[in-house]
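Note that these values count all heavy atoms, side chains included, but never hydrogens, waters or copies made by symmetry. Atoms within a ligand are numbered from 1 in the order they appear, just like the ligands themselves.
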Amino acid sequence: MAPFFLLAPILLGYAVRAASPTWISLNLSVPSTISDVEINANYVDVLVGTPPQVVQLPIDLQTDAIDVYSSDCAFCPGWDFFDPSLSTTNKPNDRVLNGTNLFNGTWIYDTIGFGGIVESPDIDIGLLTVMSTNYTNFRIRNGGLGLLTNTFRKDPINRLIPRLYESGQLIDPVIGMRLDPSNPRLTIGALDPNDYEGTLNWVELEPDNGDWFKYNVFKIDGFSGRNGSLLPFDDNLLTAVDSMYFDISIPNNLTYFNNTNYTGPVFSINDTVDGYNLDPTFFQISYPCNTSSLFPNISVPHPYVDFSVHINGVSYMIDSDDNLLHQPSQFSPNGFCNVGIVSTSDKITTEPQSVLGLPFLRSVYLAYRFPTGSCPGFFGFAFPKGLNRTQAQVSQTPRATPTLSSQCLSLTRPTSTPIVSRPASPNSASGNYAVYGEDGVQVSLSGADLLVKGIWNATF
Ligand SMILES: *[C@@H]1O[C@H](CO)[C@@H](O)[C@H](O)[C@H]1NC(C)=O
Ligand SMILES: *[C@@H]1O[C@H](CO)[C@@H](O)[C@H](O)[C@H]1NC(C)=O
Ligand SMILES: *[C@@H]1O[C@H](CO)[C@@H](O)[C@H](O)[C@H]1NC(C)=O
Ligand SMILES: *[C@@H]1O[C@H](CO)[C@@H](O)[C@H](O)[C@H]1NC(C)=O
Ligand SMILES: *[C@@H]1O[C@H](CO)[C@@H](O)[C@H](O)[C@H]1NC(C)=O
Ligand SMILES: *[C@@H]1O[C@H](CO)[C@@H](O)[C@H](O)[C@H]1NC(C)=O
Ligand SMILES: *[C@@H]1O[C@H](CO)[C@@H](O)[C@H](O)[C@H]1NC(C)=O
Ligand SMILES: *[C@@H]1O[C@H](CO)[C@@H](O)[C@H](O)[C@H]1NC(C)=O
Ligand SMILES: *[C@@H]1O[C@H](CO)[C@@H](O)[C@H](O)[C@H]1NC(C)=O
Ligand SMILES: *[C@@H]1O[C@H](CO)[C@@H](O)[C@H](O)[C@H]1NC(C)=O
Ligand SMILES: *[C@@H]1O[C@H](CO)[C@@H](O)[C@H](O)[C@H]1NC(C)=O
Ligand SMILES: *[C@@H]1O[C@H](CO)[C@@H](O)[C@H](O)[C@H]1NC(C)=O
């Protein structure tokens with residue numbers, strides 16, 4: 001037994017449960033532009049198991065679950081897989097994952113942490129073991145990091161971020177996030193004053209409602225375009241944010257697109273065609289954005305999508321390039337670029353009436369004060385520091401302050417930034433390899449050194 005006890009502290013040297021409340025600032029990998037064909041996911045390094053395996057997971061603001069793909073999952077897409085057999089803290093979990101023969105897995109418990117600074121044991125994790133080539137839903141890469149703390153589960157799961165807070169490892173029950181490609185960042189446990197500028201504009205989240213199709217719903221004033229007036233939708237539109245959604249949905253897209261007071265001038269090819277194009281198949285609105293065979297000898301000016309979201313008296317400009325104005329793709333007509341402003345589906349008769357996806361999250365700073373005790377949840381909005389916002393934009397002040405501010409929103413300003421470490425993963429790559437059929441793509445391949453080399457000496 002003695003050797004075990006001698007060994008144990010060394011093995012447990014990986015245990016990084018913070019001794020006193022702290023916070024963490026993580027770099028993210030975000031797409032440089034919004035693509036019609038990609039999922040446009042935003043990845044963060046998550047440490048799973050003991051010793052920690054680094055898994056880059058897409059941030060998902062609309063689920064509370066953490067999913068990883070098992071290293072033996074044949075057609076799971078991505079580059080970081082989790083090998084539970086290498087983890088000493090991996091435990092079985094009775095929870096049933098109601099899979100299908102195309103998409104299946106098991107629940108497990110394991111330790112999850114960030115940056116060697118904080119971690120929590122026994123987090124419920126969805127371990128995907130089957131994703132058939134016939135599975136036709138979005139094939140999200142690597143898994144998912146759900147950041148919600150409130151969903152309707154009859155049998156709630158152990159959720160990472162609340163656990164970190166309840167175990168005294170975080171300074172405050174907050175996360176901060178900016179997804180702009182210039183300096184994407186996720187902080188947990190505190191908000192970093194280096195990440196945002198302007199007044200934090202806090203709005204209280206609505207009490208959860210099982211009938212809504214999104215979580216963390218809040219009220220906004222509305223939307224404006226070129227002339228600055230609010231579009232004529234309901235006051236106090238119920239709205240959600242979604243980091244896995246590449247558009248902004250509003251109650252009716254044509255209210256905006258049909259009026260140049262809102263859109264501003266849109267280049268028109270000829271007098272018979274409106275500036276925009278409404279694709280009859282996808283009902284997607286697109287703007288002429290490129291000289292093409294469709295417009296011979298016409299130089300098409302670069303379009304600008306003029307659109308702002310108004311929240312509690314503050315107007316947040318949404319960037320056009322690489323955001324609302326998508327890149328040309330097979331889903332846009334030749335010479336046109338899709339515009340990421342759509343109608344909240346006519347089929348959805350329930351709230352919220354509007355969903356703010358990536359074009360919004362890439363243009364603002366978002367703070368999330370998750371609910372604890374008698375405090376409800378809040379979102380706080382500000383301007384990402386270093387983005388080219390004007391002084392007039394940044395100096396706007398919120399119309400009202402939430403009534404529970406002093407109880408729930410007195411946050412500690414962090415003084416120093418804990419240093420993030422990125423351990424060498426036991427499942428880590430042994431090299432980069434080209435992918436058959438994908439020009440220029442290199443992926444890391446775990447355990448490639450264990451493969452027996454093929455000998456190609458056949459003669460034909
Ligand atoms: C964060 O930075 C580290 C060190 O530069 C890098 O290895 C890692 O891939 C980055 N993570 C993401 C999600 O971009
Ligand atoms: C499991 O999935 C099936 C098919 O999707 C569904 O009908 C059933 O209600 C689910 N059961 C549970 C417990 O979620
Ligand atoms: C999903 O996986 C579980 C656990 O391996 C298994 O019991 C179940 O039968 C599978 N479901 C389907 C539909 O294949
Ligand atoms: C995929 O679908 C095809 C056609 O329906 C079927 O023949 C094949 O067996 C399926 N493959 C898997 C792995 O389910
Ligand atoms: C937008 O314009 C189209 C075509 O001119 C018209 O059919 C439609 O009714 C208008 N929609 C709105 C909401 O104004
Ligand atoms: C902006 O346009 C809308 C719709 O045409 C109009 O109702 C509103 O009065 C305009 N606002 C200004 C400031 O001109
Ligand atoms: C645009 O705004 C101007 C000034 O407010 C107004 O006179 C005009 O009718 C508006 N145009 C449309 C199409 O609503
Ligand atoms: C206007 O342009 C569209 C293509 O964008 C074309 O289909 C239509 O025939 C053109 N009309 C005239 C009068 O040139
Ligand atoms: C614009 O059109 C030209 C010629 O049609 C094409 O070569 C180029 O790739 C297009 N640019 C974009 C951004 O689609
Ligand atoms: C475009 O310009 C070229 C030369 O500048 C000319 O030969 C061609 O006929 C023009 N095409 C059209 C459709 O006007
Ligand atoms: C834009 O609005 C029209 C009319 O309501 C609708 O048919 C179309 O589906 C909408 N397009 C998108 C992309 O939401
Ligand atoms: C910031 O830059 C983008 C693209 O370079 C531009 O479209 C936008 O108008 C600028 N914003 C401000 C407030 O100047």
Side-chain angles (χ1 to χ4, degrees), residues 24-32 36 41-47 52-59 70 72-73 78-80 84 92-108 114-116 126-132 134-135 141-143 145 177 179 181 183-187 231 233 245-259 263 274 276-287 305 324 326 331-333 336-348 353-355 357 359 419-425 428-429 432 443-444:
I24 180 159
S25 174
L26 296 159
N27 60 321
L28 307 178
S29 163
V30 309
S32 58
D36 290 336
N42 301 273
Y43 298 91
V44 61
D45 295 344
V46 181
L47 306 184
Q53 299 177 38
V54 181
V55 186
Q56 293 195 342
L57 293 182
I59 293 172
S70 175
D72 63 5
C73 178
W79 53 89
D80 283 336
N93 185 325
D94 293 342
R95 188 178 295 274
V96 175
L97 193 150
N98 190 16
T100 66
N101 57 352
L102 298 182
F103 185 90
N104 200 4
T106 53
W107 285 95
I108 56 170
F114 293 107
L127 178 72
L128 266 286
T129 52
V130 175
M131 198 187 297
S132 164
N134 285 356
Y135 180 69
R141 297 189 178 85
N142 292 358
L145 175 66
M177 197 174 91
L179 299 183
N183 188 14
R185 215 77 204 159
L186 177 72
T187 67
L231 270 65
F233 298 134
Y245 178 54
F246 61 36
D247 285 336
I248 289 179
S249 80
I250 63 177
N252 185 337
N253 70 66
L254 293 184
T255 307
Y256 174 79
F257 286 110
N258 267 11
N259 192 328
T263 60
D274 282 331
Y276 67 77
N277 178 69
L278 176 57
D279 187 288
T281 314
F282 299 109
F283 299 111
Q284 179 72 45
I285 302 278
S286 54
Y287 283 172
V305 186
L324 283 172
H326 296 183
F331 296 110
S332 60
F336 287 80
C337 290
N338 286 337
V339 180
I341 299 173
V342 305
S343 294
T344 309
S345 172
D346 302 334
K347 294 188 204 80
I348 295 167
Q353 298 176 55
S354 160
V355 179
I419 308 286
V420 165
S421 64
R422 196 171 194 271
S425 217
S428 76
N432 286 329
V443 297
S444 52

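- Within a 4.0 Å radius of atom 5 (O) of ligand 1, the protein contributes no non-hydrogen atoms.
- The distance from ligand 11 to the heavy atoms of Val342 drops below 4.0 Å at these ligand atoms: 12 (C), 13 (C), 14 (O).
- Under 4.0 Å from ligand 1, not a single heavy atom of Leu26 appears.
- Ser70 places no side-chain N or O within 3.5 Å of a backbone atom of Leu128 that could act as its donor or acceptor partner.
- Contact annotation for atom 11 (N) of ligand 3: protein present (non-hydrogen atoms, distance under 4.0 Å).
- With Asp80 contributing its side chain and Gln56 its backbone, the two residues share a donor-acceptor pair below 3.5 Å.
- Proximity to Arg422 (heavy-atom distance under 4.0 Å) selects the following atoms of ligand 1: 3 (C), 6 (C), 7 (O), 8 (C), 9 (O).
- With sequence neighbours left out, the side-chain hydrogen bond (donor to acceptor under 3.5 Å, both in side chains) criterion links Asn42 to no other residue.
- Looking at Tyr43 next to ligand 1, no N or O pair under 3.5 Å apart turns up.
- When heavy-atom distances to ligand 3 are checked against a 4.0 Å cut-off, Leu97 has no atom that comes that close, whether in backbone or side chain.
- Of the listed residues (Leu26, Asn27, Leu28), just one forms a side chain to side chain contact (heavy atoms under 4.5 Å, CB included) with Arg185, and that residue is Asn27.
- When the heavy-atom distances from atom 2 (O) of ligand 11 to Ile250, Asn253, Asp247, Val339 are ranked, the shortest goes to Asn253.
- To the nearest 0.5 Å, atoms OG1 (Thr187) and CD1 (Ile24) are separated by 10.0 Å.
- Nearest protein heavy-atom contact of atom 14 (O) of ligand 1 is Ser29 CB, 3.4 Å.
- In terms of modelled atom types and a separation under 3.5 Å, the side chain of Ser421 and the main chain of Gly115 share a donor-acceptor contact.
- Any N or O atom pair closer than 3.5 Å counts here, and Gln284 shares no such pair with ligand 11.
- From the protein, the heavy atom lying nearest to atom 3 (C) of ligand 3 is Asn104 ND2, 3.6 Å.
- In terms of protein heavy-atom proximity, atom 9 (O) of ligand 1 is nearest to Gln56 NE2, 3.1 Å.
- When only non-hydrogen protein atoms are considered, atom 1 (C) of ligand 1 lies nearest to Asn27 ND2, 1.7 Å.
- When ring centroids are compared, His326 and Phe331 stay outside the 6.0 Å threshold.
- Closest approach of Gly105 and Thr129 over heavy atoms only: CA-OG1, 3.3 Å.
- Heavy-atom minimum distance, Ile108 versus Asn93: O-ND2, 3.4 Å.
- Taking CZ of Phe114 as the start and CG of Leu145 as the end, the distance is 5.0 Å to the nearest 0.5 Å.
- For ligand 3, the atoms lying closer than 4.0 Å to a non-hydrogen atom of Asn101 are 13 (C).
- Residue Ser343 has at least one heavy-atom neighbour below 4.0 Å for each of these atoms of ligand 11: 1 (C), 2 (O), 10 (C), 12 (C), 14 (O).
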